[in-house]
Amino acid sequence: MSSPLHQFEVKKIVPIEWNGMDLSFTNASLFMVLSVLCGLGVMWWLMHKQLLVPNTRQSVGEAIFGFIRNTAKDCIGEGYEKYLPFILSVFLIIFFGNFLGLFPYSFTFTSQLAPVGVFAILGLFVSMGIGLSNHGIKWFRTFLPAGIPVVMAPIIVPIELFSFLAKPFSLTVRLVMNMVVGHILLKIVAGFIYSLGLAGVLPLVVVGILIMFEMFIAFLQAYIYTILTSIYIGEAVHSH
């Protein structure tokens, strides 16, 4: 049985070197592109022909959109509409990044710290931009909440700043660890069944249950990532 960690190896598909930098197109790059295309393609297929009386396909698309819209509304509150495209995009890309990794010979780019970390840092910069846009320089009062004496600033400001900068780290580690652990478990169990030469209904049921569980985790982790991103945006919108 091959190592369960083998599935997380980043491999070059199109080697590219430029000015001493490695810009190769890898399996991680491929599945990032596929995740974006799947998100766009699925939503277009579900919603491109909108009917007055929705058919099943349109109803599914409206359910997905409504689900994310309600999440954004609950987390951000008034003015959530302008941030909805970004939040929906985050959900779809992360979900398909998780989901596509369940197929044989695929790659789960959400198991890698670098791409997920970039998404999280992007969310951090977006929330900073929103805070500065809505509140101007007063947004920096976030790091010294109202009611705190100025003499406490040398203690409170570093703590608040650390807490703010830790947000992308917490988003990244939560998602990556869940994807890595789940895929390792699935690989070990499937490989163990195969190495023992077991066949029949029971082993297939066990593997099938694990795959269904991983599909649920793929959705759940994308949803949690979306909720936390929405909360961080909401804090920037309504910061005092």
Side-chain angles (χ1 to χ4, degrees), residues 5 7-8 10 28 31-32 35-36 39 67-77 80 83-102 107-135 139-145 148 153 155-186 213-240:
L5 298 178
Q7 59 186 310
F8 303 115
V10 177
F31 279 90
M32 280 186 263
S35 296
V36 173
F67 180 68
I68 299 302
R69 181 188 60 193
N70 291 336
T71 299
K73 185 177 180 180
D74 292 340
C75 294
I76 298 174
Y80 74 94
Y83 312 112
L84 188 54
F86 174 74
I87 294 170
L88 179 61
S89 299
V90 168
F91 172 77
L92 291 173
I93 293 172
I94 296 298
F95 171 73
F96 280 106
N98 296 343
F99 179 73
L100 292 176
L102 295 174
F107 184 83
T108 311
F109 81 83
T110 50
S111 67
Q112 302 294 308
L113 288 171
V116 178
V118 168
F119 269 107
I121 292 171
L122 174 62
L124 182 71
F125 279 113
V126 167
S127 66
M128 288 176 61
I130 291 170
L132 291 171
S133 175
N134 287 6
H135 306 284
W139 176 77
F140 289 103
R141 285 285 301 181
T142 300
F143 303 112
L144 186 64
I148 302 295
I155 298 175
I156 300 300
V157 170
I159 292 174
E160 292 292 332
L161 182 60
F162 176 81
S163 176
F164 179 77
L165 296 177
K167 290 176 180 179
F169 178 77
S170 65
L171 277 175
T172 301
V173 171
R174 185 192 305 272
L175 177 59
V176 169
M177 289 299 101
N178 275 279
M179 289 299 101
V180 168
V181 171
H183 282 60
I184 288 176
L185 177 62
L186 184 60
F213 180 71
E214 275 297 292
M215 291 176 65
F216 171 72
I217 294 298
F219 166 79
L220 181 62
Q221 288 305 313
Y223 180 52
I224 291 173
Y225 196 96
T226 305
I227 287 178
L228 293 176
T229 300
S230 301
I231 289 173
Y232 298 155
I233 291 175
E235 290 176 350
V237 170
H238 303 292
S239 64
H240 300 287

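Of all the heavy atoms in F109 and V116, the pair that sits closest is O-CG2, 4.1 Å. Between A153 and P158, the shortest heavy-atom contact is O-CD, 3.6 Å. Residues H135 and V237 share a closest heavy-atom pair of NE2-O, 2.8 Å. The two residues S111 and T108 make their nearest non-hydrogen contact at OG-O, 2.6 Å. Shortest non-hydrogen contact noted between S230 and A72 is OG-CA, 4.3 Å.
The main-chain N or O of I159 is never found under 3.5 Å from a side-chain atom of S163 such that the two would form a donor-acceptor pair.
Here the rule is side chain to side chain contact (heavy atoms under 4.5 Å, CB included) with F96, and of I94, N98, L92 only L92 fits it. Partner of F164 under the ring-ring contact (aromatic ring centres under 6.0 Å, His included) criterion, chosen from F125, Y232, W139: W139.
The OG1 atom of T71 sits 10.0 Å away from atom CD1 of I76, with the distance rounded to the nearest 0.5 Å. F119 contributes atom CZ, which lies 10.0 Å from atom OG1 of T229 (distance to the nearest 0.5 angstrom). Atom CD1 of residue I130 and atom CZ of residue F86 lie 7.5 Å apart, to the nearest 0.5 angstrom. If you take CD on E235 and NZ on K167, they are separated by 4.0 Å, rounding to the nearest 0.5 Å. A distance of 9.5 Å separates SG of C75 from CD1 of I233, quoted to the nearest 0.5 Å. Here CG of L161 is found 12.5 Å from CD1 of I156. Values are rounded to the nearest 0.5 Å.
In this structure, L165 and L124 have side chains that are in contact, with non-hydrogen atoms separated by less than 4.5 Å. For the pair N178 and I224, the minimum side-chain heavy-atom distance is 4.5 Å or more. Side chains of Y223 and I227 form a contact here, defined as non-hydrogen atoms less than 4.5 Å apart. Side chains of Q221 and T110 form no contact here, defined as non-hydrogen atoms less than 4.5 Å apart. With a 4.5 Å cut-off on side-chain heavy atoms, Y225 and I93 do not count as touching.
Note: F95 and F219 have perpendicular aromatic rings, judged against thresholds of 30 and 60 degrees for the angle between ring planes.
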